[in-house]
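Written below as C-alpha cells is the structure these notes are about.
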Amino acid sequence: MISLYLSHPSWLHRWPAGIKLGLLAGCSMMILPVVRLDLMIALLLATGLLYTTLGDRGWRHLEMLRPLLPFLAVIMLFHLWAASLYEGSVSVLRLVIMFLLANLITLTTRMSDMMAALQPVFRPFQWLGISARSLALAVALMVRFAPVLVMVMNNLDEAWRARGGRKHKWRLIVPLIIQAIRLSDHVAEALTARGGSSGITVRPQINQEITNNEQR
C-alpha cells in the first residue's frame with residue numbers, strides 16, 4: 001500500500017486516528033469561511049510549527065510544497081484576473097494549510113488505523129446496501145493520495161532538472177497523469193489480490209501487511 005508514514009514516534013502518533021481525522025475535518029470546515037489574510041498567515045505558521053514537533057524528518061516534509069508552486073501560481077493568476085491579489089492570497093494559503101494538515105495526518109497515522117476509525121462512521125450506510133469498509137477505504141485512500149501524488153511530482157521534477165530541463169515544466173503534466181493512473185492501477189491490483197474491498201470488517205492479515213509496509 002502507498003505510505004508516507006513516519007515510523008519515528010511523536011506526540012501526534014499517540015493520538016487516536018479518529019480524533020485526528022475529526023480534527024482534520026473540523027479544521028477544514030473552520031478554515032473555509034475565513035477571508036482575513038492575517039489569520040491565514042497565522043494558521044500557516046501554526047501548521048508549520050506542528051511539523052517541527054515531528055523532528056527533522058517532519059520538517060523536511062514541508063518541501064513537498066515545492067511541486068505545488070506552479071499550480072498555486074496558476075490559481076493566483078486566475079484570482080488576479082477575476083478578483084484581486086488579496087483574495088488570491090487567501091485562497092492559496094487556504095489550500096496550502098488544508099494540504100499540510102492532511103499530509104500531517106498521513107505522516108502520523110497508519111492506513112489500518114484510519115480505516116478502523118472510519119468504519120463505525122459509515123456503518124449506518126449498510127442499511128442502504130453500501131459497505132462501510134468500502135467507504136472507509138475510499139476516504140483513507142483519498143487522504144493518502146494527495147501527498148503521494150505530490151511526491152511523484154517532486155520526483156518527476158528532479159528527473160527533469162537532472163536532464164537539463166529548466167523551462168516548460170508544464171510538459172510534466174502528462175507524465176504526472178500517467179504515473180497517477182499507474183499508481184491507481186497498482187493499488188487496485190493489490191486490493192483485488194487481497195480480496196477486494198468487500199466485507200464489513202478489515203481482515204487481520206491485510207492489516208498486518210499494511211502495518212509491515214509502513215514500518216519499513
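Note that this is a predicted model, so its numbers are computed, not measured.
Atom OG1 in Thr47 sits 10.5 Å away from atom CG in Leu93 (nearest 0.5 Å). The distance from the CZ atom of Arg36 to the CG atom of Leu43 is 10.5 Å, given to the nearest 0.5 Å. Leu100 CG to Tyr51 OH: the interatomic distance, rounded to the nearest 0.5 Å, is 4.5 Å. Here Ser91 contributes atom OG and Arg94 contributes atom CZ; the two are 5.0 Å apart, rounded to the nearest 0.5 Å. The CG atom of Leu95 lies 10.5 Å from the CD1 atom of Ile31; values are rounded to the nearest 0.5 Å. How far NE2 of His79 is from OG of Ser89: 9.5 Å, rounded to the nearest 0.5 Å.
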### Query
Run the side chain to side chain contact (heavy atoms under 4.5 Å, CB included) check on Leu32 and Met98 step by step: do they pass?
CA-CA 9 Å; Leu32 285 175; Met98 294 177 69; 4.2 Å; yes
### Task
Mind running side chain to side chain contact (heavy atoms under 4.5 Å, CB included) on Tyr86 and Val90 for me, showing each step along the way?
CA-CA 6 Å; Tyr86 188 92; Val90 171; 4.0 Å; yes
### Task
Could you walk me through whether Ile97 and Leu101 pass side chain to side chain contact (heavy atoms under 4.5 Å, CB included), step by step?
CA-CA 6 Å; Ile97 293 170; Leu101 289 176; 4.0 Å; yes
#### Entry: Chi angles and distances behind the side chain to side chain contact (heavy atoms under 4.5 Å, CB included) call for Leu85, Met76
CA-CA 7 Å; Leu85 175 63; Met76 176 65 75; 3.9 Å; yes
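In terms of hydrophobic clustering, with Ile, Leu, Val, Met, Phe, Trp and Tyr side chains grouped at heavy-atom distances under 4.5 Å, Leu44 and Leu23 are assigned to a common cluster. Hydrophobic cluster membership is shared by Val92 and Leu45, with clusters built from Ile, Leu, Val, Met, Phe, Trp and Tyr side chains linked at under 4.5 angstrom. Two different hydrophobic clusters hold Met30 and Leu39 under the rule that ILVMFWY side chains link at heavy-atom gaps under 4.5 Å. Cluster membership for Ile19 and Leu24, using ILVMFWY side-chain heavy atoms within less than 4.5 angstrom, is shared. Cluster annotation: Leu37 is not connected to Phe78 through the hydrophobic network of ILVMFWY side chains, with a link wherever side-chain heavy atoms come within less than 4.5 Å.
Closest approach of Ser10 and Leu54 over heavy atoms only: OG-CD2, 3.2 Å. Closest approach of Met114 to Leu21, counting heavy atoms only: O-CD1, 4.1 Å. Of all the heavy atoms in Pro120 and Ala117, the pair that sits closest is CD-O, 3.5 Å.
Annotation: side-chain contact (heavy atoms from CB on, under 4.5 Å) contacts of Val35 (sequence neighbours excluded): none.
Around the CH2 atom of Trp11, the shell of radius 6.0 Å holds more than 12 heavy atoms that belong to other residues, nucleotides or ligands. Environment of CZ in Phe125: sparse, with no more than 12 heavy atoms of neighbouring residues, nucleotides or ligands closer than 6.0 Å.
The side chain to side chain donor-acceptor pair (under 3.5 Å) contacts involving residues 20-34 comprise Lys20-Thr109, where partners must be two or more places apart or lie in separate chains.
Remark: side-chain polar atoms of Ser84 are not paired, donor with acceptor, to backbone N or O of Leu80 under 3.5 angstrom.
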